[in-house]
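Input: a single structure, listed below in structure tokens.
Along the sequence shown, residues are numbered consecutively beginning with 1. None of the values given here were measured: they were computed from a predicted structure.
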Amino acid sequence: SKCFNDDFDLDKEWDLFVSKLELSNKDNVLLIKLKEELVLIIKFVKNLHNETYLINKKMEEKIYIDKSRDIDISFMGIIDKCMYNSIDGEDLVAIVDYKTGNPDINLYNVAYGIDMQLPIYWYLVKKGNWFNNPKFVGFYLEKILHGEIKRDKSKDYESMKLDNLKLVGYSTNDKSRLINFDKTYDNSKFIKSMRVKNDGEFYSYTKVLSDDVLDMLVNYIDNVIEENITDILDCKFDINPKKIGMENIGCKYCKYKDVCFVKNEDIVELKEYSDLSFLGGDINA
């Protein structure tokens with residue numbers, strides 16, 4: 001995270017880092033490419049930092065929620081970057097998580113307690129003690145260390161690389177808040193697929209959420225956490241990996257799948273959601 005500070009000297013830090021390594025010629029070529037990527041990442045992030053009104057940041061800080069029962073229980077998360085500011089009496093908050101893999105986010109698997117990282121971060125901010133009454137601006141993934149891109153002769157190379165660094169995630173549908181984070185939101189330089197039509201409405205592909213839906217999401221996550229705490233306290237660790245569509249989500253990242261006693265009949269096939277109807281209420285609110 002210190003890479004994005006104004007006093008960070010990339011060349012100095014890079015030379016110090018490389019001096020501690022024993023490198024082959026192949027390694028040196030790779031590091032040259034990685035440094036080029038890092039230069040663009042820092043440029044993109046600093047551009048956002050320079051243009052946003054959410055000028056305050058918490059970087060890689062822990063946040064706790066007390067979930068104690070008969071024993072002490074804390075629910076904790078470490079948020080890569082929380083950007084915030086108090087504007088017109090509201091604590092506006094945006095969350096960014098950096099990823100080296102392919103960033104993709106939809107909220108539909110939250111129905112089963114899956115793909116909950118960013119929603120949980122918002123839950124922690126909403127329920128924690130960092131702010132009195134935080135107002136959602138957005139939560140996003142930002143991919144770093146991209147591979148090479150398919151060239152488009154109508155665009156210059158750097159612009160295409162910077163476009164690939166756009167934030168992927170969900171934003172508030174309240175434009176008066178969103179403009180404080182990204183004043184270019186009508187055709188955003190910083191948020192992927194963020195664009196507004198001439199009539200002032202968001203395009204259908206733009207991922208935005210209302211406060212009502214966010215409140216339902218926070219309540220849903222709280223129930224999932226409580227249910228999991230109960231299962232842990234009851235020593236309930238059934239082998240029942242979940243499959244959504246054709247993908248076995250439960251075993252995908254499991255470190256123990258090679259020695260697990262899972263059988264095909266243990267796999268639970270789940271309905272694949274394409275909206276947030278599992279939250280109940282009016283999801284279009």
Side-chain angles (χ1 to χ4, degrees), residues 1-2 54 56-86 90-101 105 107-141 169-170 209 211-242 244 249-262 266 268 270 276 278-281:
S1 59
K2 68 178 182 178
L54 304 191
N56 303 304
K57 294 180 284 294
K58 293 180 180 289
M59 309 287 280
E60 298 176 322
E61 291 193 30
K62 294 179 180 179
I63 182 170
Y64 294 87
I65 304 292
D66 181 24
K67 305 296 286 185
S68 296
R69 299 188 184 178
D70 294 335
I71 62 173
D72 292 338
I73 301 172
S74 289
F75 188 80
M76 185 272 288
I78 303 175
I79 300 175
D80 279 355
K81 181 168 66 177
C82 177
M83 302 172 65
Y84 64 97
N85 201 0
S86 180
E90 293 186 327
D91 291 325
L92 306 185
V93 180
I95 295 165
V96 178
D97 188 71
Y98 295 104
K99 293 294 183 188
T100 55
I105 175 175
L107 299 179
Y108 309 142
N109 287 343
V110 171
Y112 305 113
I114 301 170
D115 295 339
M116 293 178 67
Q117 184 181 16
L118 288 180
I120 281 178
Y121 286 165
W122 174 245
Y123 166 84
L124 287 165
V125 167
K126 186 71 173 177
K127 295 285 190 177
N129 60 5
W130 282 358
F131 309 99
N132 289 326
N133 185 25
K135 297 296 184 180
F136 178 84
V137 174
F139 48 50
Y140 310 98
L141 300 176
Y170 287 81
L209 297 170
D211 286 347
D212 288 340
V213 170
L214 284 159
D215 287 343
M216 287 189 286
L217 185 62
V218 166
N219 290 333
Y220 193 90
I221 289 169
D222 194 53
N223 289 332
V224 170
I225 293 170
E226 291 291 343
E227 289 171 3
N228 278 273
I229 290 173
T230 298
D231 286 347
I232 292 170
L233 294 177
D234 291 343
C235 298
K236 185 179 178 181
F237 302 105
D238 298 338
I239 298 175
N240 55 2
K242 310 304 188 291
I244 301 177
I249 300 291
C251 298
K252 186 174 181 181
Y253 299 111
C254 180
K255 298 178 181 179
Y256 307 104
K257 59 186 176 183
D258 292 334
V259 294
C260 182
F261 294 102
V262 65
D266 296 326
V268 179
L270 301 175
L276 298 177
F278 64 87
L279 293 175

**OP:** Decide yes or no for Val96 and Leu141: does some side-chain heavy atom of the first lie under 4.5 Å from some side-chain heavy atom of the second?
**Re:** no

Subject >> Check: Tyr84 and Leu92 side chains under 4.5 Å, non-hydrogen atoms >> reply: no

Original post:
Roughly how far, to the nearest 0.5 Å, is CG of Leu209 from CG of Asp211?
Top reply: 9.5 Å

Subject >> Gap between atom OH of Tyr108 and atom CG of Leu279 - 0.5 Å precision >> reply: 11.0 Å

Original post:
Can you check whether Leu107 reaches Pro119 side chain to side chain, under 4.5 Å on heavy atoms?
Top reply: yes

Original post:
What pair of heavy atoms forms the shortest contact from Val110 to Tyr220, and how long is it?
Top reply: O-CE2, 3.3 Å

**OP:** Please confirm whether the backbone N or O of Val218 pairs with a side-chain atom of Asp222, one donor and one acceptor, at under 3.5 Å?
**Re:** no

Original post:
Can you list the steps and then say if Tyr64 with Leu124 is a side-chain contact (heavy atoms from CB on, under 4.5 Å)?
Top reply: CA-CA 7 Å; Tyr64 294 87; Leu124 287 165; over 6 Å; no

**OP:** Using the side-chain contact (heavy atoms from CB on, under 4.5 Å) rule, take Lys126 and Asn133 through it: C-alpha gap first, then chi angles, then the decisive distance, then the call.
**Re:** CA-CA 7 Å; Lys126 186 71 173 177; Asn133 185 25; 4.1 Å; yes

Original post:
Heavy-atom count around Asp72 CG within 6.0 Å, excluding the residue itself: above 12?
Top reply: no

**OP:** Taking all heavy atoms of Pro241 and all of Cys251, pick out the closest pair and write down the distance.
**Re:** CB-SG, 3.6 Å

**OP:** Give the C-alpha distance, both sets of side-chain angles, the deciding distance and a yes or no for side-chain contact (heavy atoms from CB on, under 4.5 Å) between Trp130 and Glu61.
**Re:** CA-CA 11 Å; Trp130 282 358; Glu61 291 193 30; 3.9 Å; yes

Original post:
Excluding sequence neighbours, so at least two apart, what forms salt bridge (charged side-chain N to carboxylate O under 4.0 Å, His left out) with Asp91?
Top reply: none

Please tabulate, for side-chain N and O atoms in residues 224-232, each donor-acceptor pair with protein atoms closer than 3.5 Å (sequence neighbours left out).
from: Glu226; atom 1: OE1; to: Arg69; atom 2: NH2; distance (Å): 2.6
from: Glu226; atom 1: OE2; to: Lys67; atom 2: NZ; distance (Å): 2.7
from: Asn228; atom 1: ND2; to: Val224; atom 2: O; distance (Å): 2.7
from: Thr230; atom 1: OG1; to: Arg69; atom 2: NH1; distance (Å): 2.8
from: Thr230; atom 1: OG1; to: Arg69; atom 2: NH2; distance (Å): 3.3
from: Thr230; atom 1: OG1; to: Glu226; atom 2: O; distance (Å): 3.1

**OP:** Taking the side chain as every heavy atom from C-beta outward, state whether Phe136 and Val93 have any atom pair closer than 4.5 Å.
**Re:** no

Original post:
Has Asp238 got more than 12 heavy atoms of other residues, nucleotides or ligands less than 6.0 Å from its CG?
Top reply: yes

Original post:
Do Met216 and Val213 have side-chain heavy atoms sitting under 4.5 Å apart?
Top reply: yes

Subject >> Backbone of Ile73 reached by a side-chain donor or acceptor of Ser68 within 3.5 Å >> reply: yes

Original post:
Would you say Lys252 and Lys242 make side-chain contact, with heavy atoms under 4.5 Å?
Top reply: no

Original post:
Do Ile63 and Ile78 touch side chain to side chain, with heavy atoms closer than 4.5 Å?
Top reply: no

Subject >> Audit row: Tyr121, Phe139, ring-ring contact (aromatic ring centres under 6.0 Å, His included) steps and yes/no >> reply: CA-CA 8 Å; Tyr121 286 165; Phe139 48 50; 9.2 Å; no

Original post:
Rounded to the nearest 0.5 Å, what separation is found between the CD1 atom of Ile79 and the CH2 atom of Trp122?
Top reply: 10.0 Å

Subject >> Pair Asn240-Asp266, side-chain contact (heavy atoms from CB on, under 4.5 Å): steps then yes or no >> reply: CA-CA 5 Å; Asn240 55 2; Asp266 296 326; 5.5 Å; no

Original post:
Does the side chain of Tyr98 pick up a donor-acceptor pair with the side chain of Lys81 at under 3.5 Å?
Top reply: yes

Original post:
Is the number of heavy atoms from other residues, nucleotides or ligands under 6.0 Å of Phe237 CZ greater than 12?
Top reply: yes

Original post:
Is there a donor in the side chain of Asp97 and an acceptor in the side chain of Tyr140, or the other way round, less than 3.5 Å apart?
Top reply: no

Original post:
From Ile65 CD1 over to Ile120 CD1, what is the distance, rounded to the nearest 0.5 angstrom?
Top reply: 11.0 Å

Original post:
So do Asn56 and Met83 actually touch side chain to side chain, heavy atoms under 4.5 Å?
Top reply: no

**OP:** Taking all non-hydrogen atoms of both residues into account, name the closest pair between Gly169 and Ile105 and its distance.
**Re:** CA-CG2, 3.5 Å

Original post:
So how far is it from Ile249 CD1 to Leu270 CG, rounded to the nearest 0.5 Å?
Top reply: 9.0 Å

Original post:
From Lys62 NZ over to Met76 CE, what is the distance, rounded to the nearest 0.5 angstrom?
Top reply: 5.0 Å

Subject >> Partner residues of Asp115 under the salt bridge (charged side-chain N to carboxylate O under 4.0 Å, His left out) criterion, sequence neighbours left out >> reply: none

